[in-house]
*Asks:* 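Just dropping this structure here.
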Amino acid sequence: MNTPLLELKNVALGYDGKVLYRDVNLRVGRGEMVALLGANGAGKSTLLRCVTGTLAPLDGTVEIAGRPLEGIPRRELARLVSLVNTGMTMAGALTVRELVGLGRQPHTGFLGLLSHHDREVIDRSMEEVGMSALAGRQVASLSDGERQKTMIARALAQETPVMVLDEPTAFLDVASRLETMQLLGSLARTEEKAVILSTHDVASALRLCQRLWLIEDDDAGKRVIVDGTPASLIADGALASLFRGRRVSFDPSLMDFLPG
């Protein structure tokens with residue numbers, strides 16, 4: 001792995017006095033896309049909140065580009081990590097260009113005035129996700145796939161080395177899910193970003209991500225995060241045990257879960 005842009009060192013995570021994980025050690029390098037997989041309620045969003053600095057670890061450190069996250073001012077952190085949340089955006093009255101432009105807030109002055117450079121970044125971000133032709137459309141008029149591309153463009157306009165996405169394909173049809181995952185993989189490579197996303201789209205994650213983080217319970221019932229390449233996690237049976245005790249089984253030939 002190349003020099004990590006994001007690294008968790010001996011991290012313990014939890015909230016309201018409840019510890020979900022202990023001794024978490026994870027790394028993401030430049031140009032890598034990593035998928036976080038696990039059952040509902042396993043704690044995927046908790047881990048992503050820790051990565052973005054909205055939830056402090058109970059123990060250990062999270063580093064962005066070699067710097068402890070806890071010591072980075074909020075405005076500067078917004079130039080290092082961007083977040084695309086689950087759910088539908090409430091910015092329906094804005095145009096695509098206006099919404100993407102909000103990604104420049106960490107870089108603009110107090111009044112939020114856009115410079116020529118800011119506008120160039122906004123145009124380039126829309127172009128990279130294929131939304132330039134719809135720049136003047138209201139977000140409320142977009143399809144789910146187009147809206148998700150717009151949110152990704154906003155994160156791109158933020159110009160952060162680390163992008164975090166919580167279930168970016170949750171509301172999309174099959175074609176839009178594949179397009180979104182392919183877009184994120186391409187952005188990781190061409191922009192040399194570290195992209196971390198949670199998803200239930202196992203088949204796409206296996207085909208398009210360089211690494212997987214699997215949240216599962218070990219034989220002792222302890223919750224752990226298993227890190228590895230798709231090929232290694234299939235070969236050692238980690239994928240097959242992801243939904244331990246549930247009525248599903250992993251089919252390596254289809255690279256997906258089936259009833260059984």
*Asks:* How many angstroms lie between atom CD1 of Ile64 and atom CG of Leu77, to the nearest 0.5 angstrom?
*Replies:* 7.0 Å
*Asks:* Work out which heavy atom in Lys193 is nearest to a heavy atom in Met163; give both atom names and the distance.
*Replies:*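 In this case the closest contact between Lys193 and Met163 is CD-SD, 3.6 Å.
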*Asks:* Apply salt bridge (charged side-chain N to carboxylate O under 4.0 Å, His left out) to Asp23 and list each qualifying residue two or more places apart in sequence or on a separate chain.
*Replies:*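 Asp23: no salt bridge (charged side-chain N to carboxylate O under 4.0 Å, His left out) contacts found.
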*Asks:* How close do Thr180 and Pro168 get, counting heavy atoms only, and between which atoms?
*Replies:*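 Nearest pair, atom of Thr180 first, then Pro168: CG2-O, 4.4 Å.
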*Asks:* Do Asn25 and Asn10 touch side chain to side chain, with heavy atoms closer than 4.5 Å?
*Replies:* yes
*Asks:* Could you tell me if the side chain of His107 sits less than 4.5 Å from the side chain of His117, heavy atoms only?
*Replies:*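 They are not in contact (no side-chain heavy atoms under 4.5 Å apart), so the answer is no.
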*Asks:* Of the non-hydrogen atoms in Leu142 and Glu146, which two are nearest, and what is the gap between them?
*Replies:*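 Between these two residues, the closest heavy atoms are CA-OE1, 3.5 Å.
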*Asks:* Measure the spacing between CG of Asp144 and OG of Ser176 and express it to the nearest 0.5 Å.
*Replies:* 8.0 Å
*Asks:* Residues two or more places apart in sequence or in another chain: which of them pass ring pair (Phe, Tyr, Trp, His ring centres under 6.0 Å) with Phe257?
*Replies:*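 Counting only residues at least two positions away or on another chain, Phe257 forms a ring pair (Phe, Tyr, Trp, His ring centres under 6.0 Å) with Phe243, Phe250.
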*Asks:* Out of curiosity, Leu178 CG to Arg207 CZ, how far, rounded to the nearest 0.5 Å?
*Replies:* 8.5 Å
*Asks:* Is there side-chain contact between Ile152 and Leu187, with heavy atoms separated by less than 4.5 Å?
*Replies:* yes
*Asks:* Only counting residues at least two apart or in another chain, list the ones meeting salt bridge (charged side-chain N to carboxylate O under 4.0 Å, His left out) with Arg189.
*Replies:* none
*Asks:* Can you tell me how far the OG1 atom of Thr150 sits from the CZ atom of Arg147, to the nearest 0.5 Å?
*Replies:* 8.5 Å
*Asks:* Does any pair with a residue in residues 57-66 pass side-chain hydrogen bond (donor to acceptor under 3.5 Å, both in side chains), and if so which ones, sequence neighbours excluded?
*Replies:* Lys9-Glu63
*Asks:* At their closest point, which heavy atom of Leu134 faces which heavy atom of Val96, and how far apart are they?
*Replies:* O-CG2, 3.2 Å
*Asks:* Please list, chain by chain and in numerical order, all residues satisfying side-chain contact (heavy atoms from CB on, under 4.5 Å) with Glu192, sequence neighbours excluded.
*Replies:*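 side-chain contact (heavy atoms from CB on, under 4.5 Å) check on Glu192 returns Arg30.
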*Asks:* My understanding is that only residues two or more places apart in sequence, or in another chain, count here; which of them pass salt bridge (charged side-chain N to carboxylate O under 4.0 Å, His left out) with Glu216?
*Replies:* none
*Asks:* Give me each pair satisfying side-chain hydrogen bond (donor to acceptor under 3.5 Å, both in side chains) with a member in residues 245-260, each pair once, sequence neighbours excluded.
*Replies:*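 Sorted pair list: Asp251-Ser253.
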*Asks:* Got a sec, which hydrophobics cluster with Leu172, joining ILVMFWY side chains under 4.5 Å apart, including via others?
*Replies:* none
*Asks:* Does any part of the side chain of Lys44, heavy atoms only, come nearer than 4.5 Å to the side chain of Glu167, both counted from C-beta?
*Replies:* yes
*Asks:* Return the minimal non-hydrogen interatomic distance between Gly71 and Pro73, and the atom names on each side.
*Replies:* O-CD, 3.6 Å
*Asks:* Could you pull out all residues at least two apart from Arg67 that satisfy side chain to side chain donor-acceptor pair (under 3.5 Å)?
*Replies:* Glu76
*Asks:* If I take atom CD1 from residue Ile196 and atom CG from residue Leu47, how far apart are they, to the nearest 0.5 angstrom?
*Replies:*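 Rounded to the nearest 0.5 Å, the CD1-CG separation comes out at 9.0 Å.
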*Asks:* Given side chains that start at C-beta, do those of Leu114 and Ile122 come closer than 4.5 Å, heavy atoms only?
*Replies:* yes
*Asks:* Residues in side chain to side chain donor-acceptor pair (under 3.5 Å) with Thr160, at least two apart?
*Replies:*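 With neighbours one apart ignored, the set is Ser82.
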*Asks:* Looking only at side chains, do Arg104 and Thr108 share a donor and an acceptor under 3.5 Å apart?
*Replies:*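 Result is no, nothing qualifies.
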*Asks:* Is there a path of hydrophobic side-chain contacts, each under 4.5 Å between heavy atoms of I, L, V, M, F, W or Y residues, that connects Leu206 with Leu36?
*Replies:* no
*Asks:* Under 4.5 Å side-chain heavy-atom separation, chaining through any Ile, Leu, Val, Met, Phe, Trp or Tyr, what else clusters with Leu258? Say none if it is isolated.
*Replies:* Leu254
*Asks:* Enter the distance from Ser204:OG to Met255:CE here, rounded to the nearest 0.5 Å.
*Replies:*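 Rounded to the nearest 0.5 Å, the OG-CE separation comes to 10.0 Å.
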*Asks:* Taking the side chain as every heavy atom from C-beta outward, state whether Leu239 and Leu212 have any atom pair closer than 4.5 Å.
*Replies:*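 Leu239 reaches Leu212 side chain to side chain.
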*Asks:* Is any NZ, NE, NH1 or NH2 atom of the basic residue among Glu159 and Arg124 found under 4.0 Å from an Asp or Glu carboxylate oxygen of the other?
*Replies:*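 A salt bridge links Glu159 with Arg124.
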*Asks:* Evaluate the side-chain proximity of Leu197 to Met181: yes if any heavy-atom separation is below 4.5 Å, no if none is.
*Replies:* yes
*Asks:* Above 12 or not: heavy atoms from other molecules or residues under 6.0 Å from CD of Gln182?
*Replies:*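 For Gln182, atom CD is crowded (more than 12 foreign heavy atoms under 6.0 Å).
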*Asks:* Quick one: list whatever passes salt bridge (charged side-chain N to carboxylate O under 4.0 Å, His left out) with Arg22, sequence neighbours left out.
*Replies:* none
*Asks:* I want to check something: taking the side chain as every heavy atom from C-beta on, are Met33 and Val28 in contact at a cut-off of under 4.5 Å?
*Replies:*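 They are not in contact (no side-chain heavy atoms under 4.5 Å apart), so the answer is no.
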*Asks:* Please give me the minimum heavy-atom distance between Leu20 and Gly43, naming the atom from each residue.
*Replies:* CD1-CA, 4.4 Å
